Structure formats: C-alpha cells, structure tokens
Participant: 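Right, I'll just put the structure down here and ask away after.
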Protein chains: 2
Amino acid sequence: MTDRPIRVLLAEDQGMLRGALALLLGMEDDIEVVAQVGAGDTILDAALAHRPDVALLDIELPGKSGLDAAADLRARVPDCRVLILTTFGRPGYLRRAMEAGATGFLVKDGPVEELAAAIRRVLADETVVDPALATAALSAGPNPLTTRESDALKASADGATVADIATRLHLSESTVRNYLSSAIGKTGTRNRTEALREARRQGWL
Amino acid sequence: MTDRPIRVLLAEDQGMLRGALALLLGMEDDIEVVAQVGAGDTILDAALAHRPDVALLDIELPGKSGLDAAADLRARVPDCRVLILTTFGRPGYLRRAMEAGATGFLVKDGPVEELAAAIRRVLADETVVDPALATAALSAGPNPLTTRESDALKASADGATVADIATRLHLSESTVRNYLSSAIGKTGTRNRTEALREARRQGWL
DNA sequence: CGCGGCCCGTGACATTTGTCCTGCCGAACT
DNA sequence: AGTTCGGCAGGACAAATGTCACGGGCCGCG
C-alpha cells in the first residue's frame, strides 16, 4: 500500500481540537492534512485550492454552517467526500447532512481511533453513521417549521423582544407573534424559550 | 533531562478531544498521562489513586464543575497543580479559578503547542494566564448576584415558568419574580433571557 | 446597639407574551 | 377553477412577566 496518501481538509473552529486532530491524522502514514480552516466561509476556497479527497467538517462554524458548506462542496468539488464531525448527534443534523450529500456523520464523543477509520471508509464510498442515531433520525420525522418560523425563533434566541425581532426581520409585531405562536404549537412547548430549545435539540435550526 | 516524567490527569468530557490530547501529551517524552476522566465527580478519586503532578481540568463537566473539583484537589491533594482548560475565557471563570487555587488558565482556542508548555510552566509554579484575559477579569469586577438570584436564573434557563422555578426552589412565586427582577436590574438587561445570557457571558453562573 | 445586607413573602400594577380569529396575496398543485 | 399552503397583518383577549412598594426575620460588622 504505497498509494498516494489520502488528502484531508479539516474544518473546525476550536483551535486546540483542530490542531490536535491535524497532528494525529498527519501521523497516519496514508493520510495527509492538506488544509485547515476555522471558518465555514473559507471551506470552499480551501477545497478549490487544495483538492482534498475528504473534507472533515464541523457543523457549528463561524461564517457559514458546515452543512451549507457541504452542499457547496458537492456542487463545486464533486470528487471530494464529506464527513461531518459534530458535537451533537441531533436527528435533524443527520438528516440535513445526508440531504447535503455527506457520506459520513461522526459525533465528537467516542474515541479518536474511529476518526481515521471513518476517513478511510468514507473514501471507499461507504456510508458511516452510528446506527442508533440513524434510526432516531428516521423516526423523528422531518422539520415541521417553515422558513419564517425558524427565522423568528432564531432571532428570539438572545432574549430579544417581539419588537426587536420585528425590526430585525422587517415584519410587523403581529406577524412575529403569529410565527412564534405557531412554532410553539408545532414543537409542543409552552413559550419561545422552550420552543427554541426543542427546535435546537431536534437540529431544526 | 532523564527525570521522572510529569504525571498528568486529564478531565474533559468530549471524548474525541480527550483522546486526542492524551495521545499528543503522551508523545512528549517528559509527560505521562496517568488518568483520564470524563466526569467532574470522578476527578478527586482518580487524583487520589494516581497522584498526578498536574490536573488538566475542563470547567463544564457532567457531575461536578471543574472549578469545584479544583477546590477539592487543593484541599485533598495539595501537591497537585491545577491547570484549567476551558472553551470560554469568561472573566468570572478566571476569577473563580484563581480563588479555587488554580495555577493556570487556558482557553481551547489557540494552538495545541501551548498546552505542553503550559504544563511544564505550571509545574514550576509559574502562573500561566493570557494577559488580555487577566486584565478583563480585573476590570469586570466581582459577581454582584446573590446566591438565590443565581439559583433563580439557572432554574429559568430551560424556559421554565415562574411557577416551575418556584416549585423547584421551594419558594413562592412572588419571591421568584423578585429575584429575577433583581437579577435583571443588576445585569442591566430587559428580561430573564438577556439576564441569563449576560450572567453566563460574565461567568457568574 | 443600630445599620446594612441577604433571605422570604405579599399585593398592586403596567407591560409583554401567547392565543385565536379574521383577512389578503401569490404560488403550486389538481 | 378550485384548493391548499406559506407569507403577512390587524384586533381582541387571557396569561405570564417584570416592577415597585412594602413588610418581616436573620446575621455580621462597626
């Protein structure tokens, strides 16, 4: 096996984890980390410049979500497989990752040893997903929130009042209250805060 | 330098980061990772069993906060230096870490290379803290919230209603509203959600 | 001792939030 | 052509939230 090494792009905002993973992956003799980025909106450029075989993407990233970046990669760098690496195994994240064309989905718990193995399997076009998480994602059903309901929920995250949200979204206060009320109903919760938590838990935001 | 290696205890809940750091630190020839734990309430036992020279502690841990664990260690394993490793450089965290007897305070941004260096410096009883963060912590002043105000804020975190909080804290609803109102005043915010965010940002919870 | 701080509680009040109903518009599908 | 769904908005109402003024008790400090 003296093939050319697997070229990996690493996108992760936490500097220490990014550095540690890069060092560890670099020590595998069949893996080479050709690019490291800490922001979502630099992923595509880095991939175009370095042509990786596998992109290892965190989801929560500054600038642009790893899921959105995954969709970009599928369109512009189709030879590059996408492996999502995320803190939370939210059902909605997994669903969206698959729709965005990801080949694998790993959570940041679980041993580091999994990582290199997953990279090799993904390169062979094997789908790598935790089975328990997969069934959870299936049974959870799709995101019931409309675009604007999600917007209103997101905008309410930092404790903004209805008036604040209305300004931010260029809407009337009545409309905002309607969206929030509807989101509360769909999540089966009692107020915005609970609705926001539940929507996040499901990976709907 | 063929001294006996520095014995390190590693407390971090995220499996992948914990594993990666353990491997990297283990590759330094003067460092040996003698224990790894993923929960705060197992730190003390592990330290008593393995007698590390340095304990590398995350703050947000299941079971018990790394800050509380630090205080335990100072009391029961006084030869062990404490080095806090945390995601967020909140002023209040740094202050509390120092009061709990920590010798160093690192954030998870910044390069991995810092880590081994910090461990060696901490062992030599050098205080290691990012200077910018240190001045921020000083200028921020101490935590103005009383115990009960903090309790009420924490209990409101998941979207609980006043009635819920009152039940959880064995208080009357009026009292809860007073505490929340007071916390909102002290944080200079407009509602609980903002107050909670601000209190967290300052590291007051 | 008086003073201040924290704890706990009540009642009244204004504001905000959440619900429900109504309506209009455009796009998509049948 | 009709129906459904999403976006947008207004009004009316009940409930939750936040504010304020006011009590009491306890403890520590000068």
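Worth saying up front: this structure is predicted, and the values here are computed from it rather than measured. Chain letters run A, B, ... following the sequence lines, proteins first, then strands; residues in each count from 1.
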Participant: Name the closest nucleotide to the B:Y179 side chain, picking from C:dG18, C:dC8, D:dT19.
Facilitator: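 Within the option list, the nearest is C:dC8.
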Participant: In whole angstrom, give the distance that lies between atom CG of B:L180 and atom C1' of D:dC20.
Facilitator: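 Going from B:L180 (CG) to D:dC20 (C1'), I get 15 Å.
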Participant: Check every atom of C:dT17, C:dC8, D:dG7 against the side chain of B:R148 and return the nucleotide holding the closest atom.
Facilitator: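 Nearest listed nucleotide: C:dC8.
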Participant: Nearest whole angstrom, please: distance from the P of C:dC8 to the CD of B:E173.
Facilitator: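 Interatomic distance, CD of B:E173 to P of C:dC8: 16 Å.
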Participant: With a 4.0 Å cutoff (strictly under), does any side-chain N or O of A:S174 reach OP1 or OP2 of D:dC8?
Facilitator: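 It does not, given that no N or O in the side chain of A:S174 lies less than 4.0 Å from OP1 or OP2 of D:dC8.
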Participant: With no hydrogens and no angle check, is any side-chain donor or acceptor of A:R76 less than 3.5 Å from a backbone partner on A:A71?
Facilitator: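 Pair absent, no side-chain N/O of A:R76 close to backbone of A:A71.
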Participant: From CD1 of A:I165 over to P of C:dT17, roughly how many Å is that when rounded to an integer?
Facilitator: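 For the pair A:I165 CD1 and C:dT17 P, the rounded distance is 8 Å.
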Participant: Expressed in angstrom and rounded to an integer, what is the separation of A:H170 atom NE2 from D:dA9 atom P?
Facilitator: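 Between P of D:dA9 and NE2 of A:H170: 12 Å.
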Participant: In this structure, how many angstroms lie between the C1' atom of D:dG7 and the CG atom of A:L145, rounded?
Facilitator: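 So the two atoms are 15 Å apart, to the nearest Å.
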Participant: Taking CG from A:L153 and P from C:dG18, how many angstroms apart are they, rounded to a whole number?
Facilitator: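 Spelled out: CG on A:L153 to P on C:dG18 is 10 Å.
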Participant: Strictly distance-based, threshold 3.5 Å: is any side-chain N or O of A:D53 a donor or acceptor partner for the main-chain N or O of A:I6?
Facilitator: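 Answer holds: no.
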Participant: Side chains of B:L169 and B:T175: closer than 4.5 Å at any heavy-atom pair?
Facilitator: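 Not in contact.
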Participant: Within this structure, what is the CZ-to-C1' distance between B:R190 and C:dT17, rounded to whole angstrom?
Facilitator: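 Roughly 14 Å, once rounded to whole Å.
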Participant: Among D:dG6, C:dC6, D:dA9, which nucleotide has an atom closest to any side-chain atom of A:L171?
Facilitator: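 Closest nucleotide to the A:L171 side chain: D:dA9.
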Participant: I'd like to know if B:D58 pairs up with B:K108 as an ion pair, taking the criterion as any Lys NZ or Arg NE/NH1/NH2 lying under 4.0 Å from an Asp or Glu carboxylate oxygen.
Facilitator: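 B:K108 and B:D58: salt-bridged.
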Participant: Would you say A:T175 reaches D:dA9's phosphate, i.e. side-chain N/O to OP1/OP2 under 4.0 Å?
Facilitator: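 It does, given that an N or O in the side chain of A:T175 lies less than 4.0 Å from OP1 or OP2 of D:dA9.
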Participant: Using the side-chain heavy atoms of A:N178, tell me which of these nucleotides is nearest: C:dG9, C:dC7, D:dG11.
Facilitator: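 Comparing C:dG9, C:dC7, D:dG11 against the side chain of A:N178, the answer is D:dG11.
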Participant: Under 4.0 Å: is that the gap between some side-chain N or O of A:T146 and OP1 or OP2 of D:dC5?
Facilitator: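 It does not, given that no N or O in the side chain of A:T146 lies less than 4.0 Å from OP1 or OP2 of D:dC5.
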Participant: Please check the phosphate of D:dG18 (OP1 and OP2 only) for any side-chain N or O of B:R192 closer than 4.0 Å.
Facilitator: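 Answer is yes, contact under 4.0 Å.
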Participant: If you find the nucleotide of DNA chain C closest to B:N191 and the one closest to B:T147, which residue's nucleotide is nearer the 5' end?
Facilitator: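 Upstream on the strand: B:T147.
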Participant: Counting just side-chain N and O atoms, does B:S181 come under 4.0 Å of either OP1 or OP2 of D:dT19?
Facilitator: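 Result: yes.
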Participant: Look at all strands and tell whether B:R177 reaches a base, only sugar-phosphate, or nothing, counting heavy atoms closer than 4.0 Å.
Facilitator: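 Base contact.
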Participant: Are the side chains of B:R197 and B:T189 in touch, meaning some heavy atoms are under 4.5 Å apart?
Facilitator: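 With C-beta onward as the side chain, the pair stays apart.
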Participant: From CD of B:E149 over to P of D:dG18, roughly how many Å is that when rounded to an integer?
Facilitator: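 Going from CD in B:E149 over to P in D:dG18 covers 14 Å.
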